[in-house]
Amino acid sequence: NSHEGAAAGEISALEEAFRKFAVHGDTRATGKEMHGKNWSKLCKDCHIIDGKNVTTTDVDIVFSKIKGKSVRTITFEQFKEALQELSKKRFKGKSDEEALQEMYKLIEGKGPGLTGVTKTVASPTVSRLTDTSKFTGSHKERFDASGKGKGRAGREDLVDNSGYVSGYKHAGTYDHKVQGNK
């Protein structure tokens with residue numbers, strides 16, 4: 001099998017795909033093990049689940065069967081076992097070896113897709129509600145003329161410790177007057 005022939009230093013396209021999916025959405029993941037959630041995602045994104053021969057239920061059953069009793073993840077070796085198991089269902093009528101190769105082809109070089117990620121809707125209602133030029137009252141203060149938010153300055157009353165009453169026209173001129181009279 002060409003996949004086992006890869007040198008220890010270089011990882012196969014299959015293992016690379018495994019790692020990409022293993023770390024997807026999990027900041028602590030090392031890429032050595034894969035959760036059931038990411039296993040399902042891999043099966044969906046790589047079209048292993050075809051709705052006829054392989055369903056989401058099949059994928060979950062195989063995952064539960066392959067992983068250890070007390071663990072919630074599978075290793076790369078177990079991942080290959082799971083693929084072997086599913087390939088018989090997905091590619092009926094092919095030899096086990098052929099079916100497995102087909103399975104690898106579906107996965108190699110793939111990464112987690114962003115399918116089903118919410119896109120922003122450009123509806124007139126939303127654009128009217130988010131048009132900062134039409135804001136009134138205290139909300140108006142939170143944005144500058146270009147519509148960019150002012151951040152903290154727009155939300156909180158920042159205290160002026162200069163000693164002058166707010167809005168006083170000649171703020172900062174005291175020293176100048178005192179020096180001028182001498």
Side-chain angles (χ1 to χ4, degrees), residues 1-127 129-130 132 139 142 148-152 154-156:
N1 189 344
S2 62
H3 295 284
E4 274 84 53
E10 66 178 67
I11 60 167
S12 66
L14 183 72
E15 192 169 352
E16 193 180 333
F18 171 82
R19 286 186 183 176
K20 281 182 187 163
F21 277 98
V23 297
H24 179 72
D26 187 355
T27 49
R28 294 170 316 210
T30 57
K32 302 257 182 284
E33 284 133 8
M34 185 182 288
H35 283 285
K37 186 174 165 229
N38 288 1
W39 161 249
S40 295
K41 182 167 177 54
L42 179 141
C43 292
K44 272 192 201 90
D45 288 4
C46 296
H47 307 292
I48 292 170
I49 296 172
D50 59 0
K52 290 191 290 289
N53 302 331
V54 180
T55 63
T56 44
T57 313
D58 296 325
V59 166
D60 294 341
I61 291 168
V62 168
F63 184 81
S64 304
K65 200 159 85 177
I66 298 246
K67 73 174 180 61
K69 282 267 181 285
S70 60
V71 282
R72 294 169 56 196
T73 56
I74 54 171
T75 62
F76 182 62
E77 290 310 312
Q78 290 170 314
F79 168 72
K80 288 202 293 197
E81 260 176 73
L83 289 180
Q84 182 110 41
E85 191 84 23
L86 279 176
S87 64
K88 293 173 198 155
K89 287 188 83 130
R90 178 73 164 79
F91 299 102
K92 283 192 176 100
K94 293 200 175 188
S95 72
D96 290 359
E97 187 55 39
E98 269 187 318
L100 194 60
Q101 290 306 322
E102 290 293 323
M103 199 63 132
Y104 286 171
K105 278 184 197 150
L106 286 175
I107 299 166
E108 286 174 351
K110 293 249 173 57
L114 297 176
T115 53
V117 174
T118 314
K119 291 183 175 60
T120 52
V121 182
S123 75
T125 312
V126 174
S127 53
L129 292 172
T130 54
T132 55
H139 306 294
R142 294 185 53 193
K148 187 171 173 351
K150 291 182 186 173
R152 186 169 163 219
R155 286 192 305 279
E156 296 173 13

From [atom1] ([X]) to [atom2] ([Y]), nearest 0.5 Å:
X: Leu106; Y: Leu14; atom1: CG; atom2: CG; value: 11.0 Å
X: Lys69; Y: Ser64; atom1: NZ; atom2: OG; value: 9.5 Å
X: Glu85; Y: Phe63; atom1: CD; atom2: CZ; value: 14.0 Å
X: Lys65; Y: Glu81; atom1: NZ; atom2: CD; value: 10.0 Å
X: Asp60; Y: Ile49; atom1: CG; atom2: CD1; value: 7.5 Å

Would you indicate whether the side-chain heavy atoms of [Y] and [X] approach each other to under 4.5 Å?
X: Thr73; Y: His35; value: yes
X: Phe91; Y: Met103; value: yes
X: Thr56; Y: Ser40; value: no
X: Glu15; Y: Arg19; value: yes
X: Tyr104; Y: Lys80; value: yes
X: Leu42; Y: Lys110; value: no

Assess whether a salt bridge exists between Lys89 and Asp58, defined as any Lys/Arg side-chain N lying under 4.0 Å from an Asp/Glu carboxylate O.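 Salt bridge present between Lys89 and Asp58.
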If the plane angle is over 60° it's perpendicular, under 30° parallel, otherwise tilted; pick one for Trp39 and Phe79.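 Aromatic pair Trp39/Phe79 classed perpendicular.
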Evaluate the criterion salt bridge (Lys or Arg N to Asp or Glu O under 4.0 Å) for residue pair Glu102 and Lys105; output intermediate values, then yes/no. CA-CA 5 Å; Glu102 290 293 323; Lys105 278 184 197 150; 3.8 Å; yes
Could you verify whether a donor N or O on one side chain and an acceptor N or O on the other, from Ser87 and Asp96, lie under 3.5 Å apart?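 Side chains of Ser87 and Asp96: no pair found under 3.5 Å.
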Which pair of heavy atoms, one from [X] and one from [Y], lies closest together, and at what distance?
X: Phe76; Y: Ser12; result: CZ-OG, 4.4 Å
X: Cys46; Y: Ile107; result: SG-CA, 3.9 Å
X: Lys20; Y: Gly109; result: NZ-O, 4.4 Å
X: Ala29; Y: Ala22; result: CB-O, 3.6 Å
X: Ala99; Y: Lys94; result: N-CB, 4.2 Å

Within the side chain of Asn38, is there an N or O that forms a donor-acceptor pair under 3.5 Å with the backbone of Phe21?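 Confirmed, Asn38 side chain pairs with Phe21 backbone.
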Kindly say whether Leu83 contributes a backbone atom to a donor-acceptor pair with the side chain of Arg90 at under 3.5 angstrom?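 No; zero donor-acceptor contacts below 3.5 Å.
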